[in-house]
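Here the structure comes first, spelled out in structure tokens, and everything after it is commentary.
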Amino acid sequence: MKREEKISEIKRIIKTYGSTSPMELELGSSPCIMSTGNKTNVSQLIEEFNEDDVNVVSYVNETEVSDDKLTYEELSDDIIDEIFSIMEDYETDNI
């Protein structure tokens with residue numbers, strides 16, 4: 001399945017069943033956009049899946065420092081694949 005088709009399916013599933021979060025879905029962890037660590041650990045995690053975008057929270061040493069929105073089109077192929085798999089499970093759980 002092509003990237004655009006996966007994004008369309010993600011949006012369709014969320015439109016049908018509503019926005020959700022990794023916590024609501026009881027995922028082991030949130031999808032990680034970026035993580036670095038030396039003396040400080042900086043990470044960006046997807047904390048909510050919406051119809052047109054995701055809510056990305058940036059953390060420094062587990063302290064929330066910013067909250068942003070990214071469209072699905074702005075996300076990497078790996079993240080789209082991960083979200084697509086999560087949304088397929090979300091749809092299955094709702095059927």
Side-chain angles (χ1 to χ4, degrees):
M1 185 178 282
K2 293 180 183 176
R3 174 185 170 84
E4 296 78 22
E5 294 170 322
K6 289 178 183 177
I7 291 172
S8 291
E9 272 297 290
I10 290 167
K11 290 179 177 185
R12 179 194 64 76
I13 292 167
I14 294 172
K15 183 175 185 174
T16 302
Y17 299 105
S19 296
T20 189
S21 70
M23 188 167 70
E24 287 175 2
L25 298 174
E26 298 180 353
L27 301 179
S29 61
S30 299
C32 181
I33 293 178
M34 183 274 306
S35 180
T36 61
N38 290 329
K39 290 183 179 181
T40 58
N41 183 33
V42 178
S43 58
Q44 289 183 312
L45 304 177
I46 296 175
E47 299 293 9
E48 186 175 22
F49 308 104
N50 303 305
E51 185 178 346
D52 295 319
D53 56 33
V54 293
N55 187 36
V56 178
V57 178
S58 297
Y59 297 92
V60 174
N61 294 332
E62 299 181 23
T63 301
E64 186 176 325
V65 294
S66 70
D67 190 343
D68 301 295
K69 300 237 183 247
L70 292 176
T71 65
Y72 292 101
E73 291 76 12
E74 294 175 280
L75 300 172
S76 72
D77 289 344
D78 289 342
I79 296 294
I80 291 298
D81 289 344
E82 185 175 356
I83 295 171
F84 179 71
S85 176
I86 291 167
M87 288 302 115
E88 282 184 316
D89 292 344
Y90 179 46
E91 182 174 48
T92 300
D93 290 347
N94 278 287
I95 293 178

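Count residues from 1 along the sequence.
Within a 6.0 Å sphere centred on NZ of Lys15, heavy atoms belonging to other residues, nucleotides or ligands number 12 at most. A 6.0 Å sphere centred on CD of Glu62 holds no more than 12 heavy atoms belonging to other residues, nucleotides or ligands.
By the 4.5 Å heavy-atom criterion applied to side chains, Met1 and Phe84 are counted as neighbours. Under the 4.5 Å side-chain criterion, counting only non-hydrogen atoms from C-beta, Ile83 is in contact with Ile46. Residues Lys69 and Val56 have side chains not in contact (no heavy-atom distance under 4.5 Å, counting atoms from C-beta outward). Side-chain atoms of Asn41 and Thr36, non-hydrogen and from C-beta on, never get closer than 4.5 Å to each other.
Shortest non-hydrogen contact noted between Arg3 and Glu73 is NH2-O, 2.9 Å. The heavy-atom pair separating Ser29 from Pro22 by the smallest distance is O-CB, 4.5 Å. Of all non-hydrogen atoms in Glu5 and Lys2, the two that sit nearest each other are OE1-N, 2.8 Å. Of all non-hydrogen atoms in Cys32 and Ile79, the two that sit nearest each other are O-CD1, 3.3 Å.
Under the side chain to side chain contact (heavy atoms under 4.5 Å, CB included) rule, Ser58 has a single partner from Val65, Thr63, Asp67, which is Val65.
Note that CG of Asp68 is 10.0 Å distant from CD of Glu74, once rounded to the nearest 0.5 Å. In this structure, CD1 in Ile13 is found 8.0 Å from OG1 in Thr92, a value given to the nearest 0.5 Å. Rounding to the nearest 0.5 Å places OG of Ser19 at 10.5 Å from CZ of Phe49. Of the inter-residue distances, the one linking Asp89 atom CG with Ile86 atom CD1 reads 8.0 Å to the nearest 0.5 angstrom. Between the CG atom of Asp78 and the CD1 atom of Ile33 there is a distance of 12.0 Å, given to the nearest 0.5 Å. One distance of note links CD of Glu9 with CD of Glu4; it measures 13.5 Å at 0.5 Å rounding.
Val57 belongs to a hydrophobic cluster with Leu45, Tyr59, counting contacts under 4.5 Å between side-chain heavy atoms of Ile, Leu, Val, Met, Phe, Trp and Tyr, direct or through other members.
Met23 and Ile14 are members of different hydrophobic clusters when ILVMFWY side chains are connected at heavy-atom separations under 4.5 Å.
With sequence neighbours excluded, the residues satisfying side-chain hydrogen bond (donor to acceptor under 3.5 Å, both in side chains) with Asp53 are Asn50. Scored by the side-chain hydrogen bond (donor to acceptor under 3.5 Å, both in side chains) test, Tyr17 finds no partners at all (sequence neighbours excluded).
With hydrogens and angles ignored, the 3.5 Å screen pairs no side-chain donor or acceptor of Glu91 with any backbone N or O of Glu88. Checking side-chain atoms of Asn55 against main-chain N and O of Glu47 turns up no donor-acceptor pair under 3.5 Å.
A donor-acceptor pair shorter than 3.5 Å cannot be found between the side chains of Ser35 and Ser43.
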CA sep, side-chain torsions, deciding dist, call: Thr20, Met87, side-chain contact (heavy atoms from CB on, under 4.5 Å): CA-CA 10 Å; Thr20 189; Met87 288 302 115; 4.0 Å; yes
